[in-house]
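A short worksheet on the structure shown next.
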Amino acid sequence: TKLISEGNEYYRKGRLGDAVRAYNQAIRMNPDNPVAWNNKGLILAVAGNYKEALKCHIKAFELNPKHVDAISNIGMAHTKLGNIDEAIEWYDRALKINPKHETTWNNKGNLFSKMEKYEEAMKCYDMALKINPGYLAAMNNKGVELVHLKKYNEALTLLNKVLKDRPLFSEGWYVKAKAYIGMSQ
């Protein structure tokens, strides 16, 4: 538990190598710890190593078939690898276990956005925000969809809220700029 907490703290600080080392040490001490495997997979995904991330998430799932975070992350890895049908299957599996898992709704929305199914993506982001109204990633992603749908004023209202809470969130500024470009401003 201590090593996993250390790995999480390293991750928050952007020290991905240290985070992986902490998770690896936790796995060596207890190879049957699904949280350590899942968290290692998250770091690998952040680093762009989606195939290895998928293996870690699957291992976490094998150790605990009800581990909703791992199940959702299997969907996320499949999304990144372009395995659309598999991604949807895993997201639906996660939501069957926990229909209020806001991260899964957000990730599923990202998949629909990637597929240019913007209305479906909006429904997913709305579900995530219904569950957790302060979920900044879902707010930002909904802002992206509003820009895609040319609903620029709505996008700006939402993005201003995101940026008020996190003024250094560069992706929020990027999406806000896209809204202004869409408005020819």
Side-chain angles (χ1 to χ4, degrees), residues 8 10-16 19 38-39 41-54 57 68-69 71-92 94-95 98-185:
N8 295 347
Y10 286 135
Y11 171 67
R12 278 189 278 285
K13 292 179 179 178
R15 295 171 54 186
L16 302 184
N38 184 61
N39 290 11
L42 288 172
I43 301 302
L44 292 169
V46 169
N49 192 344
Y50 303 117
K51 287 182 182 179
E52 289 303 312
L54 179 59
H57 297 311
V68 178
D69 289 337
I71 296 167
S72 183
N73 289 331
I74 291 170
M76 179 270 306
H78 278 299
T79 296
K80 296 294 187 177
L81 292 168
N83 305 328
I84 304 305
D85 293 337
E86 291 90 342
I88 291 172
E89 178 184 323
W90 284 97
Y91 291 143
D92 289 346
L95 292 169
N98 182 357
K100 293 188 177 206
H101 195 257
E102 70 256 23
T103 304
T104 301
W105 283 111
N106 185 60
N107 290 347
K108 190 173 182 181
N110 291 342
L111 173 63
F112 284 131
S113 179
K114 185 176 182 178
M115 296 168 63
E116 298 182 1
K117 293 184 175 184
Y118 304 129
E119 294 291 342
E120 290 297 316
M122 286 286 288
K123 290 175 188 174
C124 291
Y125 298 136
D126 285 339
M127 283 299 297
L129 290 167
K130 182 178 179 183
I131 296 162
N132 180 356
Y135 189 6
L136 293 179
M139 278 188 235
N140 187 71
N141 291 336
K142 182 177 178 178
V144 170
E145 298 318 305
L146 289 166
V147 169
H148 286 144
L149 295 168
K150 299 182 183 348
K151 297 180 178 180
Y152 303 116
N153 288 324
E154 284 181 63
L156 289 171
T157 299
L158 192 58
L159 293 164
N160 285 334
K161 183 175 181 180
V162 169
L163 293 168
K164 180 180 179 203
D165 291 340
R166 282 190 56 201
L168 300 178
F169 186 49
S170 59
E171 191 174 328
W173 287 105
Y174 174 75
V175 177
K176 186 174 178 177
K178 287 182 80 167
Y180 280 122
I181 289 168
M183 298 169 71
S184 299
Q185 294 184 21

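Since the structure is predicted, the reported quantities are computational estimates derived from the model, not experimental observations. Numbers here simply count residues along the sequence, with the first being 1.
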Does [X], at its [atom1] atom, have more than 12 non-hydrogen atoms belonging to other residues, nucleotides or ligands within less than 6.0 Å?
X      : atom1 : value
Lys100 : NZ    : no
Lys176 : NZ    : yes
Tyr135 : OH    : yes

Do the charged groups of Glu120 and Lys123 touch, with an N to O distance under 4.0 Å? yes

Quick one: are [X] and [Y] in side-chain contact, heavy atoms under 4.5 Å?
X      : Y      : value
Leu16  : Tyr11  : yes
Phe169 : Asn140 : yes
Ser72  : Tyr91  : yes

Point-to-point distance, once rounded to the nearest 0.5 Å, from [atom1] of [X] to [atom2] of [Y]:
X      : Y      : atom1 : atom2 : result
Leu111 : Thr104 : CG    : OG1   : 12.0 Å
Tyr118 : His148 : OH    : NE2   : 4.0 Å
Asn141 : Asn106 : CG    : CG    : 4.5 Å
Leu81  : Met76  : CG    : CE    : 9.5 Å
Trp173 : Leu163 : CH2   : CG    : 5.0 Å
Asn132 : Met139 : CG    : CE    : 7.5 Å

Donor on one side chain, acceptor on other, Asp85 and His78, under 3.5 Å: no

Under a plain distance cut-off of 3.5 Å, with no hydrogens placed, do Tyr125 and Ser113 share a side-chain donor-acceptor pair? no

Met122 and Leu149 have their tightest heavy-atom pair at CG-CD1, 3.9 Å

Please report the shortest heavy-atom distance between Ala155 and Gly143, naming the atom on each side. CB-O, 3.8 Å

Is there a donor-acceptor pair closer than 3.5 Å between any side-chain N or O of Asn160 and the backbone N or O of Leu156? yes

Mark yes or no for whether Thr79, through its side chain, and Gly75, through its backbone, hold a donor-acceptor pair below 3.5 Å. yes

Side chain to side chain contact (heavy atoms under 4.5 Å, CB included) between Val147 and Tyr152, intermediate numbers included: CA-CA 6 Å; Val147 169; Tyr152 303 116; 4.1 Å; yes

Under the criterion side chain to side chain contact (heavy atoms under 4.5 Å, CB included), I'd like the reasoning laid out for Leu44 against Lys51: C-alpha separation, chi angles, the key distance, then a yes or no. CA-CA 9 Å; Leu44 292 169; Lys51 287 182 182 179; over 6 Å; no

Leu136/Lys161 under side chain to side chain contact (heavy atoms under 4.5 Å, CB included): CA gap, chis, key distance, verdict: CA-CA 9 Å; Leu136 293 179; Lys161 183 175 181 180; over 6 Å; no

